[in-house]
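Remarks on the structure that follows.
Just so we're clear, the structure is a prediction, and the values are computed from it rather than from any experiment. Order of the sequence lines fixes the chain letters, A, B, ..., with proteins taken first and strands second; residue numbering starts at 1 for each chain.
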Amino acid sequence: MTKKDIIRLLENIATYMELSLENPFKVSAYRKAAQSLETDPRSLSEIDKFIDIKGIGKGVNEVIVEYVEKGESTVFKELQESVPAGLVQMTKIPTLGPKKIAKIYKELGIDTLEGLKNACENEEISALSGFGKKTEENISKAIDDILIRPERYAINQILKFREIIESHLSESEHVERFDVAGSARRMKETSRDIDYIVISKDPQAFTEEITEADFVKETVVSGDKKLSIIIEDDLQEINVDFRFVTEAEYYSTLHHFTGSKEHNVKMRQIAKKRDEKISEYGVEKDGETVTFDSEADFYNHFGLEYIPPAMRETGEETELDVGDIVTLEDIKGDIHMHTVYSDGAFSIREMVEACIEKGYGYIVITDHSKSLRVANGLDEKRLIAQLEEIRAINEEYDEIDVYSGTEMDILKDGTLDYSDDILKELDYVIAAIHSSFQQTEEEIMHRLESACRNPYVRHIAHPTGRLIGRREGYPIDMDRLISLAAETGTALEVNANPMRLDLSAEAIRHKDVMLSVNTDAHHTDHLDFMKYGVATLQKGLIRKDQVINTMTREDFREFINKQK
DNA sequence: GCCGTTTTCGGCCCGACTGTTTTCAGTCG
């Protein structure tokens, strides 16, 4: 059992209680308790008394203790007996909350999505008091949608949707200014929808214009202050919301709709203690509404430093020294990238020049090793030839240090793809798993341990092998890997490619481990991925001094020349 | 169910919008 299991139990209890029409504050007490556990830096084995955690009192503590000891929960079991699981499915239908679901269940005995769909077609829903034709249509349509549509989209897909919308917004004469908000702005791994804050002199004209665009499938809500549409790209579709605001409100609204919910709740509690009230229109004090010229001003108003969007997740970020947390400006080099030698699209020189553009002081060229044939991995002879070319190119540039490295395969049996005799010639060695993902956790951990213990391996690339929304990655004992990394002086990578973000923010949060954040670029355009990697570090509340590539050019040189 | 520099009861973040009503409940972000 892990902490995650307990968190899931508490969240399930909250959902089931909500559907039993329990006191909403009791429901939210369970959600808060789950959140407190999540935010607590300790692992399950390190927590001896749950009741000492803020947000966990007598009641929730009993539930947790029983669950930890017996592996089951009486409270949850009883809820499951009284609340059909199908009702939980119904909570996914927008506009259907616990009250309406309970009513449908109580009065019509409907407890499945299919049953609900039938009832809509038979006009049984609109016959209920408080429900009308419109509600019935909406429910019916929403059921069709949830059956075909994923609940959340991976950040990679979100970026594609954003390009469509943002190129329209940039060109529209009715848009003075806009910013993306919501989880997309916070660069979450996945998002349910996309939000924009827009200043427009004529929201109605903007609405007419965009709803005519061919990528718009449907208009959901259309008012003076808000527009909600569904857009489509290939076969995928997603909700996009626009909030129309005045210049003065802009940053308050941007902050409000950037969230997260938990962050906003925390900010409002801070405001309340000062007899102030935060809304999307500003901060109300003594009946007057204060507005701001930037989000930094907003935070400063409350005596806080600017908190970057990516960090605004649990609320905990309002309580720590944000200045210690890594930012994009702190990143001085990219130490994992590919060239035409293996499966990259550009030459060493082209990668070097693109990195100079980025202002980096150093980079490491890390092409694939010989066993990764699909990626045209380098055998020893080509590797040495590349090393010589890198040395020569490095001589030509004063503004950047170019190091020779490799992204070497950790083979199935735990041996490494190059011998130590070869590795010692290189400046920087990365090891990674690219094969046999179906092995057991023990076999995978044996491979990772063997790489960590090699004296030349500096870091482990994309340690779990996951692809967001596409594959889980191989089985791994994260606590063990982190302690191995610490013991052997090996860094773990946060791969900045938005399909990977591996390690995840969740995996690194509150962990005292050395990390390395890299784009793994196979194209010069991929060098821009760094911001997603940094966002992941920020969500993990990672300090600058935990990240190898925040080192200055000189420190990195010294680091390279030093034995591991 | 949780919490307390307003401390053992009473409040728990706040406001907008929709669809249903005829003044508002429910839902959402």
Below 3.5 Å between N/O atoms, which protein atoms pair up with nucleotides 12-16 of chain B? Just atom names and distances, please.
from: B/dC12; atom 1: OP1; to: A/Lys272; atom 2: NZ; distance (Å): 2.6
from: B/dC13; atom 1: O2; to: A/Arg268; atom 2: NE; distance (Å): 3.3
from: B/dC13; atom 1: O2; to: A/Arg268; atom 2: NH1; distance (Å): 2.1
from: B/dG15; atom 1: OP1; to: A/Lys277; atom 2: NZ; distance (Å): 3.3

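Here the P atom of nucleotide B/dG1 and the CE atom of A/Met17 are 6 Å apart, to the nearest Å. Atoms CG (A/Leu96) and P (B/dG19) sit 13 Å apart, rounded to a whole Å. The distance from atom NZ of A/Lys103 to atom P of B/dG19 is 18 Å, rounded to the nearest whole Å. We find that CG of A/Leu128 is positioned 15 Å from C1' of B/dG26, with the value rounded to whole Å. When the P atom of B/dG26 is taken as reference, atom CD1 of A/Ile104 falls 13 Å away, rounded to whole Å. With rounding to whole Å, A/Phe244 atom CZ is found 14 Å from B/dC17 atom C1'. Atom C1' of nucleotide B/dT6 and atom NZ of A/Lys273 are separated by 13 Å, given to the nearest angstrom. In this structure, A/Leu19 atom CG and B/dT27 atom P are separated by 10 Å, rounded to whole Å.
Between A/Leu503 and A/Met478, the closest heavy-atom pair is CD2-CE, 3.6 Å. For the pair A/Gly55 and A/Ser36, the tightest heavy-atom approach, listed with the atom from each and the gap, is CA-OG, 4.0 Å. Heavy-atom minimum distance, A/Asp193 versus A/Asn239: CB-O, 3.2 Å.
Nearest to the side chain of A/Lys100, among B/dG19, B/dG29, B/dG26, sits B/dG26. Each of B/dC3, B/dG1, B/dG29 was ranked by its minimum atom distance to the side chain of A/Asp193; first place goes to B/dG29. Picking from B/dG4, B/dG29, B/dC2 the nucleotide with the shortest atom distance to the side chain of A/Phe257 gives B/dG29.
In this structure, A/Val221 reaches the sugar-phosphate backbone alone: every heavy-atom distance under 4.0 Å involves primed, P, OP1 or OP2 atoms, never a base. Among the atoms of the strands shown, none is found under 4.0 Å from any heavy atom of A/Pro24. Within 4.0 Å (heavy atoms only), A/Gly223 reaches no atom of the nucleic acid at all. Contacts of A/Ile93 with the nucleic acid, taken as non-hydrogen atoms under 4.0 Å apart, involve only primed sugar atoms and P, OP1 or OP2.
Here the side chain of A/Asn264 pairs a donor or acceptor atom with the backbone of A/His256 at under 3.5 angstrom.
Nucleotides B/dC9 and B/dC14 have their C1' atoms positioned 24 Å apart, rounded to a whole Å. Atom P of B/dG11 sits at a distance of 28 Å from the matching atom of B/dC17, rounded to the whole Å. Rounded to the nearest Å, the gap between the C1' atom of B/dC13 and that of B/dC28 is 14 Å. Taking atom C1' on both B/dT6 and B/dC12, the two are 15 Å apart, rounded to the nearest angstrom. For the P atom pair drawn from B/dT21 and B/dT27, the interatomic distance equals 15 Å after rounding to whole Å. Nucleotides B/dT8 and B/dT22 have their C1' atoms positioned 42 Å apart, rounded to a whole Å. As rounded to the nearest Å, B/dT20 and B/dA16 have P atoms that lie 22 Å from one another. Comparing the same atom, C1', in B/dG10 and in B/dG15 gives a spacing of 23 Å after rounding to whole Å.
Each of A/Val220 and A/Tyr30 was matched to the nucleotide of DNA chain B holding its nearest heavy atom; the match closer to the 5' end belongs to A/Tyr30. Each of A/Ile56 and A/Gly132 lies near DNA chain B, and the nucleotide nearest A/Ile56 is the one positioned closer to the 5' end.
Using the Watson-Crick or G-U wobble rule with both distances under 3.5 Å, B/dC2 pairs with B/dG11.
Of the inter-residue distances, the one linking A/Asp202 atom CG with A/Glu209 atom CD reads 10.0 Å to the nearest 0.5 angstrom. How far CD1 of A/Ile231 is from CD of A/Glu237: 10.0 Å, rounded to the nearest 0.5 Å.
Contact annotation: A/Thr135 side-chain N/O to B/dT20 OP1/OP2 distance is under 4.0 Å.
Between A/Glu123 and A/Lys133, at least one side-chain N (NZ, or NE/NH1/NH2) sits under 4.0 Å from a carboxylate O, which counts as a salt bridge.
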**OP:** Kindly determine whether A/Arg185 and A/Thr258 satisfy side chain to side chain donor-acceptor pair (under 3.5 Å), including the steps that lead there.
**Re:** CA-CA 7 Å; A/Arg185 180 161 183 247; A/Thr258 296; 2.8 Å; yes
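The ring of A/His526 has its center closer than 6.0 angstrom to the ring center of A/Phe529.
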